[in-house]
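Sequential numbering from 1 along the given sequence is applied to the chain's residues. All figures in this text were calculated on a predicted structure; none of them were measured in a lab.
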Amino acid sequence: MQRRLLVMVAGVGLVVVAGLLGALAGWGRLVDAVLVVLAGVGVVLLLDLRRRAGESTVLFRRAAERDRELSRQVGALARARGAAAPGTSSPGTSSRTVTADLERQVAALGEQLAAVSASLVDAVSEPVQRVLGPDGQVEQMERRVIGSFEAERLQAAERHRELTAAFAQQGELVQSETKRTVDALTTVARDETRQVEALLQIVPGVDRNALLPPSGRWAMDARSIGHLLDIVRARAPRLVVELGGGTSTIWLGYEQRERQGRVVSVDHDPTFAGLTGESVSRHGLDDVVDVRLAELTERPDGASWYDTAVLEDLEGIDLLLVDGPPGHTGQKNRSFALPYFISRLSPDAVVLLDDANRPDEQEIVDEWCREFDLEQVDAGVSRLAVLRPRR
């Protein structure tokens, strides 16, 4: 028994030490585990205590029954003694002898019973006193364990509510992002389909000398190129001036070669102007396309636009295509094109502004229509805004 008690005390001591080390190290989960183990040990001790109390009750009950049995035996002997004849010496002597023996046996049994009762009391009272203590330590431990469990339950419930709210918020965010992604993919797929359809329409109509340059992204997209070629074929311009060259320059060159027209392509960047010139030569369009470098210079109002010294000889422009300068060079800096070229346009000239789906370009279209009495036609066919004199 003592060995078992020592082992239990040692185990509890190790758990307490582990809990203290975990608390010092900041291991909250280890401390919670130690509290649960201590609570379990307390419950086990309480159950063992109740078992011992039950065993003691059984022993006391058995001792009482034994005492009653001895009392009945002594009473029976006494009655037998009183009933014996007084005149006979041999039976009296024998009765007294038997009575003395029984009294000694009763005394011995009483001493044994007292010893057993004392040992039971010592065996039970000592651990009870040690566990219960003078101040009801088991009850206090039970209250602490119940309080700890209740605190953990409330904390778990609060954490569950937080996780539920977080999952709901994440679900809404995922749903929103998914819808936006699906919408973007749908738009891209629809736009790519339109571009492929446009290429299938315009490529067979070109008798090309080399691989055509790519369309889209920074270059003019295929649908806008098809729209541009339709306008050129319908209006048959003699002189086309293009601000911002590249892919569209080659398509315009092939189209103008068919009607002995000219294309002047202006670019502000030396690298891009050189690449456009190389592409023109590769396609054999040097006699049709004139690539000019007009770097950006500061205007009196502080904005940047093309060096007009490179543009002074341009007169009688039948089609003006504004696809530059790029937006990163200045906000709405394409708006300076028409005020400069308005006096250099032919009477029935048409003005095209690329990227008209952007807010800045939309504002430029509105300004040009109001200031120069123009009207927009072919709206929505492509990204080109088509402006002509109002009729």
Side-chain angles (χ1 to χ4, degrees), residues 220 224-225 227-232 234-246 248-249 252 256 261-269 272-273 289-391:
M220 183 177 291
S224 296
I225 292 173
H227 191 193
L228 171 64
L229 297 181
D230 287 344
I231 295 172
V232 171
R235 304 185 69 86
R238 298 291 302 170
L239 175 60
V240 175
V241 174
E242 175 189 45
L243 302 181
S248 57
T249 306
L252 285 171
Q256 288 295 84
R262 294 175 54 225
V263 177
V264 177
S265 180
V266 180
D267 207 307
H268 77 287
D269 186 275
F272 285 107
V289 179
D290 178 13
V291 179
R292 299 186 183 186
L293 173 64
E295 296 184 351
L296 299 181
T297 60
E298 185 175 353
R299 291 164 41 93
D301 58 3
S304 297
W305 200 64
Y306 297 108
D307 182 3
T308 57
V310 183
L311 311 175
E312 289 180 351
D313 63 318
L314 298 176
E315 298 285 347
I317 302 171
D318 300 308
L319 190 149
L320 175 63
L321 172 59
V322 182
D323 194 13
H328 66 82
T329 61
Q331 185 177 11
K332 293 176 62 176
N333 56 1
R334 294 184 182 183
S335 63
F336 308 124
L338 193 55
Y340 177 80
F341 282 108
I342 189 65
S343 61
R344 302 170 185 271
L345 298 178
S346 62
D348 199 29
V350 63
V351 179
L352 308 181
L353 177 63
D354 193 18
D355 302 311
N357 57 319
R358 301 189 306 202
D360 283 353
E361 277 68 16
Q362 291 175 3
E363 292 183 11
I364 293 173
V365 169
D366 293 339
E367 292 174 2
W368 286 354
C369 288
R370 289 194 304 269
E371 184 175 353
F372 302 106
D373 195 24
L374 302 177
E375 63 178 356
Q376 183 177 359
V377 296
D378 291 350
V381 175
S382 70
R383 296 190 311 188
L384 293 176
V386 183
L387 306 179
R388 69 184 184 187
R390 191 179 301 276
R391 295 177 180 176

Taking all non-hydrogen atoms of both residues into account, name the closest pair between [X] and [Y] and its distance.
X      : Y      : value
Leu239 : Gly316 : CB-O, 4.0 Å
Trp368 : Pro339 : NE1-CD, 4.1 Å
Ala294 : Val266 : CB-CG1, 3.6 Å

A side-chain contact here means heavy atoms from C-beta on lying under 4.5 Å apart; do [X] and [Y] qualify?
X      : Y      : result
Val386 : Leu353 : no
Asp366 : Arg370 : yes
Val264 : Leu311 : no
Val350 : Leu387 : no
Met220 : Leu384 : yes
Arg334 : Asp323 : yes
Pro237 : Val240 : yes

Atom [atom1] in [X], atom [atom2] in [Y]: separation rounded to 0.5 Å?
X      : Y      : atom1 : atom2 : value
Ser382 : Ile231 : OG    : CD1   : 7.0 Å
Thr297 : His268 : OG1   : NE2   : 12.0 Å
Leu352 : Arg388 : CG    : CZ    : 12.5 Å
Leu243 : Asp354 : CG    : CG    : 11.5 Å

All side-chain hydrogen bond (donor to acceptor under 3.5 Å, both in side chains) counterparts of Glu363, not counting sequence neighbours = Lys332
State which residues pass side-chain hydrogen bond (donor to acceptor under 3.5 Å, both in side chains) with Asp318; sequence neighbours excluded, sorted by chain then number.
->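 So Asp318 forms a side-chain hydrogen bond (donor to acceptor under 3.5 Å, both in side chains) with Ser346.
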Return the set of residues passing side-chain contact (heavy atoms from CB on, under 4.5 Å) with [X] (not counting sequence neighbours), or none when no residue passes.
X      : answer
Glu295 : Pro270, Leu293
Asn333 : Pro325, Thr329, Phe336
Asp313 : Arg292

Quick check against the 3.5 Å criterion: does [X] have a side-chain atom that pairs as donor or acceptor with the backbone of [Y]?
X      : Y      : result
Gln362 : Asn357 : yes
Arg344 : Glu312 : yes
Glu242 : Leu321 : no
Arg383 : Ala356 : no
Arg299 : Tyr306 : no
Asp307 : Val310 : no

Only pairs at least two apart or in different chains count here, so list each ring pair (Phe, Tyr, Trp, His ring centres under 6.0 Å) that has a residue in residues 338-358.
-> Trp305-Tyr340
Kindly check if the number of other-residue, nucleotide or ligand heavy atoms within 6.0 Å of CD (Glu315) is above 12?
->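 Yes, enclosed.
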So with a 6.0 Å cut-off around CZ of Phe372, is the heavy-atom count from everything else above 12?
->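 Yes.
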Ion pair check, Glu375 and Arg391, cut-off under 4.0 Å =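 No.
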Would Ile342 and Glu371 satisfy side chain to side chain contact (heavy atoms under 4.5 Å, CB included), going step by step from the backbone distance to the final call?
-> CA-CA 11 Å; Ile342 189 65; Glu371 184 175 353; over 6 Å; no
Sole candidate of Leu319, Val289, Val263 that passes side chain to side chain contact (heavy atoms under 4.5 Å, CB included) when paired with Gln256 | Val263
With side chain to side chain contact (heavy atoms under 4.5 Å, CB included) as the test, would you mind laying out the steps for Leu374 and Leu338 before giving the verdict?
-> CA-CA 11 Å; Leu374 302 177; Leu338 193 55; 3.7 Å; yes
Have Ser335 and Glu367 got a donor and an acceptor in their side chains that come within less than 3.5 Å?
->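 Judged by distance alone, the side chains do not pair up.
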Is there a donor in the side chain of Ser304 and an acceptor in the side chain of Glu298, or the other way round, less than 3.5 Å apart?
->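 Their side chains do not contain a donor-acceptor pair, so the 3.5 Å distance test is not met.
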For salt bridge (Lys or Arg N to Asp or Glu O under 4.0 Å), just list the numbers for Asp360 and Arg358, CA-CA rounded to whole Å, side-chain angles, deciding distance to a tenth of an Å, and then say yes or no.
-> CA-CA 6 Å; Asp360 283 353; Arg358 301 189 306 202; over 6 Å; no
